[in-house]
S.K.: 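Here it is, the structure in full.
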Amino acid sequence: MSGFVEKPEPIEVPGLVHLHTGKVRDLYQNEAGDLVMVASDRMSAYDWVLPTEIPDKGRILTQLSLWWFDQLRDLAVNHVIGTEVPEGAPADWAGRTLVCKSLRMVPVECVARGYLTGSGLAEYRQSRTVCGLALPEGLVDGSELPAPIFTPATKAEVGEHDENVSYEEVARQVGAETAAQLRQATLAVYSRARDIARDRGIILADTKFEFGFDGDTLVLADEVLTPDSSRFWPADTWQPGRAQPSYDKQFVRDWLTSPASGWDRRSEQPPPPLPEDVVAATRQKYVEAYERLTGTAWS
């Protein structure tokens, strides 16, 4: 069992129809048929949406996505139409709202990996492959791969695990032409972002994208290159052979699995509220990622 500790009631706004409440984002449709995506401060870990929020998290994710969309504009068409808050919406939606094109979404998590860790490392230790792609012997946790690889996953519902799949399986599901487009776009965007991040002293270990079609045009959608969708590591402390410090929910995961939380991850009990020091440390990691990448102070 997993999911929301307590699922929030959708906010009613005149002229908007609530479509979906995700782990972090709430999705609406306006009268023009466009999507209105609002990033909350919710935090998820171990397939649970936690009872404690991280202040400013939704705004940071939104503003960082907008910054990346701008950096990638010549490489990938994106879904953003504007950032205006719909009339009658809560004032708190400012800075965390994207008005987006309604797309025909491709049901694939498009993951790019430039370094070996996480579920890729687990598979590699068993078979020397990741999503069926053969990798050299001798790689360890944090190793840089010879070249970035496309390792797709199926999209799961809230509370379920995404499942890594082979490129061939993606081609069977969405067609060979679309699969080839997804792979090319994913690796191109990852490579551009990796170089930008590296210039700012950050390693982009891996990331996931979502794409949809506007007619025949492949469009980059959802959030992009945030600490929620990517592993960012400080370049100056990178050391293969161990877990790397990262700009994400590391403090949350560490506390939840520590004796201090009193929570058994294997049980069906929901996780407890986060202590103030874990909330503050996690927020600071998100702020630091934003500031280091964009070169702009968070306010």
S.K.: Tell me every residue that passes side-chain hydrogen bond (donor to acceptor under 3.5 Å, both in side chains) with Gln250, counting only those two or more places apart in sequence or in another chain.
M.R.: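 Per chain and number, Gln250 pairs via side-chain hydrogen bond (donor to acceptor under 3.5 Å, both in side chains) with Ser246.
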S.K.: So with a 6.0 Å cut-off around CD of Glu291, is the heavy-atom count from everything else above 12?
M.R.: yes
S.K.: Using 4.0 Å as the upper bound for N to carboxylate O, is an ion pair formed by Arg125 and Asp141?
M.R.: no
S.K.: What closest approach, in Å, do Pro55 and Val279 show between heavy atoms, and which atom pair accounts for it?
M.R.: CD-CG1, 3.6 Å
S.K.: Yes or no on side-chain contact (heavy atoms from CB on, under 4.5 Å) for Arg283 and Asp56, after CA distance, side-chain angles and deciding distance?
M.R.: CA-CA 7 Å; Arg283 178 187 179 278; Asp56 287 331; 2.7 Å; yes
S.K.: Would you say the side chain of Pro86 lies within less than 4.5 Å of the side chain of Val36, judging by non-hydrogen atoms?
M.R.: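 Answer yes - side chains close enough.
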S.K.: Do Trp48 and Trp263 touch side chain to side chain, with heavy atoms closer than 4.5 Å?
M.R.: yes
S.K.: Which pair of heavy atoms, one from Ser119 and one from Arg113, lies closest together, and at what distance?
M.R.: OG-NH2, 3.2 Å
S.K.: Measure the CZ-OG1 distance between Arg231 and Thr207 for me, rounded to the nearest 0.5 Å.
M.R.: 10.5 Å
S.K.: Taking all atoms of both residues into account, what is the closest heavy-atom pair of Thr237 and Pro245, and its distance?
M.R.: OG1-CG, 3.5 Å
S.K.: Cation-pi check for Tyr167 against Arg183: NZ or CZ below 6.0 Å from the six-membered ring centre and within 45 degrees of the axis, yes or no?
M.R.: yes
S.K.: Counting distance only, does the side-chain N/O of Arg42 pair as donor-acceptor with the main-chain N or O of Lys23 below 3.5 Å?
M.R.: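 The answer is yes, because a donor-acceptor pair under 3.5 Å joins these two groups.
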S.K.: Please determine whether residues Ile196 and Leu225 belong to a single hydrophobic cluster, defined as Ile, Leu, Val, Met, Phe, Trp and Tyr linked transitively by side-chain heavy-atom distances below 4.5 Å.
M.R.: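 Same hydrophobic cluster.
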S.K.: I need the minimum non-hydrogen distance between Cys131 and Asn164, along with the two atoms involved.
M.R.: SG-CB, 3.6 Å
S.K.: Within the structure provided, determine whether Pro90 and Ile11 are in side-chain contact (heavy-atom separation under 4.5 Å).
M.R.: yes
S.K.: Can you name the closest pair of heavy atoms from Leu218 and Ala185 and give their distance?
M.R.: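 The answer is CD2-CB, 4.0 Å.
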S.K.: Quick check: is Val189 connected to Leu187 through a chain of hydrophobic side chains (ILVMFWY, heavy atoms under 4.5 Å apart)?
M.R.: yes
S.K.: Considering only NZ, NE, NH1 and NH2 on the basic side and carboxylate oxygens on the acidic side, decide whether Arg128 and Glu123 come within less than 4.0 Å.
M.R.: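 Salt bridge between Arg128 and Glu123, a charged N being under 4.0 Å from a carboxylate O: no.
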S.K.: Which of these, Lys285, Lys57, Arg253, sits in a salt bridge (charged side-chain N to carboxylate O under 4.0 Å, His left out) with Asp248?
M.R.: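 When salt bridge (charged side-chain N to carboxylate O under 4.0 Å, His left out) is applied between Asp248 and each of Lys285, Lys57, Arg253, only Arg253 qualifies.
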S.K.: side-chain contact (heavy atoms from CB on, under 4.5 Å), that's the test. Do Leu72 and Arg192 meet it? Break it down for me.
M.R.: CA-CA 8 Å; Leu72 302 166; Arg192 168 75 65 81; 3.6 Å; yes
S.K.: With rounding to the nearest 0.5 Å, note down the distance linking SG in Cys100 to CG in Leu35.
M.R.: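 Result: 6.5 Å between the selected atoms.
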S.K.: Scan side-chain atoms only and decide if Glu177 and Gln181 contain a donor-acceptor pair under the 3.5 Å cut-off.
M.R.: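 Short answer, no.
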S.K.: Take Asp41 and Arg96, measure what salt bridge (charged side-chain N to carboxylate O under 4.0 Å, His left out) needs, and give me the verdict at the end.
M.R.: CA-CA 10 Å; Asp41 292 335; Arg96 60 178 75 238; 3.0 Å; yes
S.K.: What verdict does the side-chain contact (heavy atoms from CB on, under 4.5 Å) test give for Thr62 and Thr97, after you've listed the backbone C-alpha separation in whole Å, the side-chain angles of each residue and the deciding distance to 0.1 Å?
M.R.: CA-CA 7 Å; Thr62 301; Thr97 299; over 6 Å; no
S.K.: When you group the ILVMFWY residues by side-chain heavy-atom contacts below 4.5 Å and let the links chain together, are Met105 and Val111 in the same group?
M.R.: no
S.K.: Sequence neighbours excluded, which residues qualify as side-chain hydrogen bond (donor to acceptor under 3.5 Å, both in side chains) partners of Tyr286?
M.R.: Asp228
S.K.: Charged N to carboxylate O under 4.0 angstrom, Glu144 versus Arg198?
M.R.: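 The answer is yes: the pair qualifies as a salt bridge.
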S.K.: Same cluster or not: Trp255 versus Leu50, using hydrophobic residues (I, L, V, M, F, W, Y) connected whenever any side-chain heavy atoms lie under 4.5 Å apart?
M.R.: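 Yes; Leu50 is reachable from Trp255 via cluster members.
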S.K.: At what distance, to the nearest 0.5 angstrom, does CE of Met43 lie from OG1 of Thr282?
M.R.: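 Spacing of CE (Met43) from OG1 (Thr282) equals 5.5 Å.
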S.K.: Taking CG in Asp74 as the centre, count heavy atoms belonging to other residues, nucleotides or ligands within less than 6.0 Å. Is the count above 12?
M.R.: yes
S.K.: Please verify the inter-ring angle class for Tyr28 with Trp93; under 30° counts as parallel, over 60° as perpendicular, anything in between as tilted.
M.R.: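 Rings of Tyr28 and Trp93: tilted, 30 to 60°.
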S.K.: What's the spacing between Arg194 CZ and Asp206 CG if we round to 0.5 Å?
M.R.: 13.0 Å
S.K.: Say you draw a straight line from CG of Leu16 to CG of Asp26; how long is it, rounded to the nearest 0.5 Å?
M.R.: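 Reported to 0.5 Å precision, the distance equals 11.5 Å.
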S.K.: Please say yes or no: joined through hydrophobic side-chain contacts below 4.5 Å, possibly via intermediate residues, are Leu103 and Met37 part of one cluster?
M.R.: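 Result: no, two separate clusters.
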S.K.: To the nearest 0.5 Å, how far apart are CD in Glu109 and CZ in Phe209?
M.R.: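 The distance works out to 11.5 Å.
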S.K.: Any side-chain donor-acceptor pair under 3.5 Å between Glu169 and Ser166?
M.R.: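 There is no such pair between these side chains.
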S.K.: Begin with the C-alpha distance, continue with both residues' side-chain angles, and end with the deciding distance and a verdict on side-chain contact (heavy atoms from CB on, under 4.5 Å) for Phe150 and Leu182.
M.R.: CA-CA 9 Å; Phe150 175 61; Leu182 293 175; 4.2 Å; yes
S.K.: How about Trp67 and Tyr290: are their ring centres within less than 6.0 Å of each other?
M.R.: no
S.K.: Can you tell which of Val219, Leu220, Asp222 makes a side chain to side chain contact (heavy atoms under 4.5 Å, CB included) with Glu210?
M.R.: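 Of Val219, Leu220, Asp222, side chain to side chain contact (heavy atoms under 4.5 Å, CB included) with Glu210 is met by Asp222 alone.
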S.K.: Could you tell me which non-hydrogen atom of Val108 sits nearest to which non-hydrogen atom of Pro152, and how far apart they are?
M.R.: CG1-CB, 3.8 Å
